[in-house]
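I have placed the structure first, in the form of structure tokens, so that the comments after it can refer back to it.
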Amino acid sequence: MTQHKFSIKLSLIAGLLLVLYTNGFSFYKTDPVIVLPKNLGKIKLTPDQFLWLEDKSNQLSFKEVLKETNQQRFGQIPTLNLGFNSSTHWVKIRLKSNLLKAREVVLELSNLTQQVTFFYRSQEKKTAWVTTNTGLLNSEFKKRDIQRPYSAIILNISGNDPPMDIYLRLKTTSIQVPIHIYSTQHFRNYVVIEQGMYHFLIYGILISMLIYNLFLFFVIRDRLYLIYVVMMVMNIILTLISSGYYLYLLPYTHFFKTYNDTILVVSMIAQLFFGVTLLDIKRNVPSFYKVLLVLIGINGIFLGLSLFSNVLKYLVPSMFINAFLGITLSLFLYRRGLKMVRYYLVAAVFTIAGFFINIFHIMGFLPTTAIIHQAPSLGVALEAIFFSFALADKINLMRKERYQAQKALLESTQKNEQLVTQQNEILAKKVEEKTEELRHANEMLIASNDYLQNSQEEIAAQRDDIREKNVALEANQQKILRLNQFKQQMMGMIVHDLKNPLNSIIGLSEGNQDDSYVVAINHSGKRMHHLVMNILDIQKIEDSQLSLRKETISLASLMEVALPQISFVTQENNQSIVVEHLPSATLDVDINLLSRVMVNLLTNAAKYSQQNEKIRIAAEIAEEDLKKGENRCKVSVIDHGAGIAPEFLDKVFDKFAQVKEAKAYRHNSTGLGLTFCKLVIEAHGGKIGVISELGKGSNFWFELPCEVTSESITTITPQALQPEQQVLNDRFTSDEIETLRPIVDQVKTYEIFETGKIIKLLASLENHPNPNLAEWRNTLESTLLTGNQALFDQLLDI
């Protein structure tokens with residue numbers, strides 16, 4: 001019997017476990033049912049009184065939600081305020097009345113939501129579902145059961161019926177689920193009236209401030225009041241939108257979606273203008289004035305964009321920046337003693353506080369209450385009041401400043417009157433003094449007039465004398481001009497007459513190269529002939545009598561004509577001339593004159609270079625002229641001689657100019673060679689110049705128009721004569737130096753062209769038994785005959 005009872009108990013336990021296993025979830029998870037009491041007034045649902053499902057895909061339909069799989073996903077909502085969210089949220093509520101008789105109740109989602117849809121069973125057809133849209137964007141205000149900004153429906157519930165299932169589908173920017181259930185009587189007598197009082201108070205404040213300051217604008221005509229009125233209009237519209245009351249005026253769902261951002265931007269711009277004007281930022285904080293103008297410009301861009309797209313996400317940072325700058329500048333100006341700022345600062349704090357209370361409420365940090373719901377609107381209303389106080393304070397300040405200015409003006413006027421009285425007395429005295437002075441001055445003027453008459457007679461006599469002297473001066477000037485013309489004619493005649501004898505001297509001495517004296521005569525004749533031609537041509541160019549005989553030649557041909565004429569100079573100095581690679585170009589020039597320009601430049605380079613040195617000729621097409629579409633050829637003569645000091649660079653091309661160099665490199669010249677070069681180059685439409693540094697040589701260059709050809713020009717290297725000349729100074733012994741020292745000291749007192757005097761000094765070394773001294777004497781005499789200044793100076797360097 002005991003075993004039988006044990007078997008029955010075991011079977012019962014196993015059956016119970018099987019039932020729990022198969023239907024455990026049904027027992028464990030049951031939907032909460034809200035039982036409405038008999039005396040229903042107001043019920044605020046808590047998170048455990050309804051179920052919640054989040055649809056992150058935003059794809060679930062109501063039929064899919066009713067499926068068992070999705071019903072199993074419903075659970076308790078973690079909090080009534082879920083913050084900012086882009087998902088679709090489903091809420092399930094089960095209502096049951098404890099009264100058998102049917103009664104009406106109001107189910108309200110006490111929050112402004114963009115898209116809200118209610119699903120519940122129809123009383124007529126128990127199996128059918130009623131769908132009601134009540135959101136801001138998915139319903140029409142006039143078709144709602146209850147025409148209020150919040151989403152609300154009227155339900156008929158009877159105790160005879162099973163619990164009524166109600167589903168809410170929510171889609172909005174910020175998810176808040178404050179759900180209330182009211183009896184219809186409580187809803188009409190308390191809820192509607194209570195919320196209406198809040199909004200009546202807020203709109204009353206805003207409209208009162210608007211009318212009051214609009215009246216002041218028409219009285220005072222200060223544009224600051226007009227800005228305040230515009231700002232209040234925008235704030236009223238924003239308050240209507242944020243509270244949903246705009247639906248009573250414009251019952252269109254798309255108004256909120258289309259124009260909310262635009263109105264918000266206009267309000268921000270109006271507040272910026274109001275702050276800049278009220279606080280007089282341009283005068284009080286000029287460094288921030290441009291920053292605020294830039295910020296107003298950015299908001300203007302947002303205003304344009306808001307007409308075509310949603311810019312709310314960009315406006316939030318801009319609102320923070322505006323608030324931060326407003327509070328910072330207010331504190332700064334308050335510390336500087338601008339007391340009027342205190343009202344502006346308090347107004348900004350109220351606005352920001354209302355904005356942050358709204359954010360904290362959305363994030364779930366603050367509970368859902370009527371005062372918290374109205375915090376942004378209340379902040380705007382308080383802002384309007386304190387901005388009005390700030391305007392009044394500014395008016396008082398302006399009156400005070402005007403009073404002080406009038407007082408200062410009155411005091412200044414009184415002082416000016418006293419000063420005028422004093423000045424009148426002083427002027428009266430000064431008039432008497434001046435009258436007396438004028439009387440004396442009149443007497444002196446009469447005396448001066450007599451003196452002036454006498455002086456005029458003397459001046460007339462002096463004028464006649466000056467006229468006679470001018471006549472004499474003009475006669476002398478004409479005489480000087482005639483003498484100068486005669487001098488020019490005589491110089492031309494003399495130089496012209498020198499040409500023929502010089503040509504004979506050069507011709508007669510040309511063939512005999514064995515006799516050093518004859519060679520010296522030939523070289524000196526060539527130098528003299530070159531000088532004579534320079535003088536003649538310079539005179540012709542200055543008198544505009546020289547005509548250019550142009551012909552087209554290549555650079556290579558120019559070098560072939562000019563280089564042989566300079567060979568005797570380079571032979572004397574044991575120097576060589578190197579012509580670097582020439583560009584393929586032709587020149588339209590007078591070959592005779594241009595070759596003499598090259599001879600002058602090369603002679604100048606050889607004269608100021610030491611022995612055994614190289615003189616380079618370089619040519620190129622100027623790059624800057626190529627870019628302009630013009631071809632100009634630049635020819636440079638480069639030496640490594642004594643160079644020219646900077647203070648003489650701008651004078652080297654002047655007529656008869658001579659550069660004073662160091663003693664070791666001094667040379668005497670007429671100063672006409674470079675003048676001739678400048679005149680000839682400029683006559684060809686070119687330009688000439690020099691680059692030089694003292695002790696590092698010179699670069700004389702000229703540019704002429706040219707034509708670039710395809711002809712390939714090879715490098716020309718003329719065979720310069722390089723005689724084997726050696727200076728014997730380094731071979732002398734100390735005894736030989738002692739013998740030469742007194743002679744050298746006397747020779748240094750003369751110039752190289754004083755040949756006769758120097759040869760007389762060298763007579764003591766004639767037939768000297770010492771071969772070194774005899775050779776030194778012979779070399780020095782040869783140098784005197786050839787005019788080799790560099791070798792002459794080197795021989796005297798002992």
Side-chain angles (χ1 to χ4, degrees), residues 419-420 422-499 531-548 593 600 644-660 668-690:
L419 288 174
V420 169
Q422 294 175 359
Q423 290 294 329
N424 287 335
E425 295 175 357
I426 295 172
L427 284 174
K429 293 181 180 179
K430 287 188 176 182
V431 166
E432 293 178 0
E433 294 174 357
K434 288 295 180 182
T435 303
E436 185 66 22
E437 290 178 3
L438 287 173
R439 187 178 64 78
H440 290 295
N442 189 34
E443 294 175 355
M444 293 179 64
L445 183 62
I446 294 172
S448 299
N449 189 30
D450 296 337
Y451 175 76
L452 285 174
Q453 288 180 353
N454 297 329
S455 299
Q456 285 178 354
E457 294 175 357
E458 294 179 1
I459 290 171
Q462 291 176 359
R463 188 183 299 113
D464 295 337
D465 184 50
I466 291 172
R467 188 180 297 110
E468 294 175 358
K469 290 181 179 180
N470 284 337
V471 172
L473 285 174
E474 288 179 1
N476 290 334
Q477 185 177 4
Q478 293 297 326
K479 188 182 293 183
I480 291 171
L481 289 175
R482 288 194 297 271
L483 288 174
N484 186 50
Q485 185 178 3
F486 176 75
K487 182 196 73 172
Q488 294 289 344
Q489 292 174 352
M490 287 298 298
M491 184 177 69
M493 292 171 59
I494 292 170
V495 173
H496 189 271
D497 291 341
L498 283 174
K499 273 180 33 179
L531 175 61
V532 167
M533 293 304 296
N534 285 346
I535 296 173
L536 281 174
D537 289 339
I538 288 173
Q539 185 176 1
K540 288 181 180 179
I541 294 173
E542 290 178 342
D543 295 339
S544 301
Q545 296 178 357
L546 182 66
S547 59
L548 300 178
L593 293 178
N600 275 339
I644 304 172
E647 60 268 21
F648 296 117
L649 286 176
D650 57 346
K651 301 177 182 177
V652 294
F653 295 102
D654 293 346
K655 194 173 180 181
F656 303 115
Q658 292 184 344
V659 177
K660 303 298 182 182
N668 292 317
S669 65
T670 61
L672 293 174
L674 292 177
T675 303
F676 169 79
C677 295
K678 183 175 185 295
L679 293 175
V680 170
I681 294 298
E682 290 178 349
H684 282 82
K687 55 183 178 180
I688 190 169
V690 60

Glu468 and side chain to side chain contact (heavy atoms under 4.5 Å, CB included): which single residue from Ile466, Asn470, Val471, Asp465 fits?
Asp465

Closest approach of Ile688 and Cys677, non-hydrogen atoms and distance?
CD1-CB, 3.9 Å

Specify the closest pair of heavy atoms between His684 and Leu548, including all atoms of both residues, with the distance to one decimal.
CE1-CD2, 3.9 Å

CA sep, side-chain torsions, deciding dist, call: Lys429, Glu432, salt bridge (charged side-chain N to carboxylate O under 4.0 Å, His left out)
CA-CA 5 Å; Lys429 293 181 180 179; Glu432 293 178 0; over 6 Å; no

CD1 (Ile459) and CG (Asp464) are apart, to the nearest 0.5 Å, by 12.0 Å

Hey, what do you get for CD1 (Ile426) to CD (Glu433), rounding to the nearest 0.5 Å?
10.5 Å

Would you please name every residue forming a side chain to side chain donor-acceptor pair (under 3.5 Å) with Glu682, sequence neighbours left out?
Lys678

What pairs with Leu452 under side-chain contact (heavy atoms from CB on, under 4.5 Å), at least two apart in sequence or on another chain?
none

Anything under 3.5 Å between a donor and an acceptor, one on a side chain of residues 439-446, the other on a protein residue two or more places apart or in another chain? List them.
{"residue": "Arg439", "atom": "NE", "partner": "Glu436", "partner atom": "OE2", "Å": "3.4"}
{"residue": "Arg439", "atom": "NH1", "partner": "Glu443", "partner atom": "OE2", "Å": "3.3"}
{"residue": "Arg439", "atom": "NH2", "partner": "Glu436", "partner atom": "OE2", "Å": "2.3"}
{"residue": "His440", "atom": "NE2", "partner": "Glu436", "partner atom": "OE2", "Å": "3.0"}

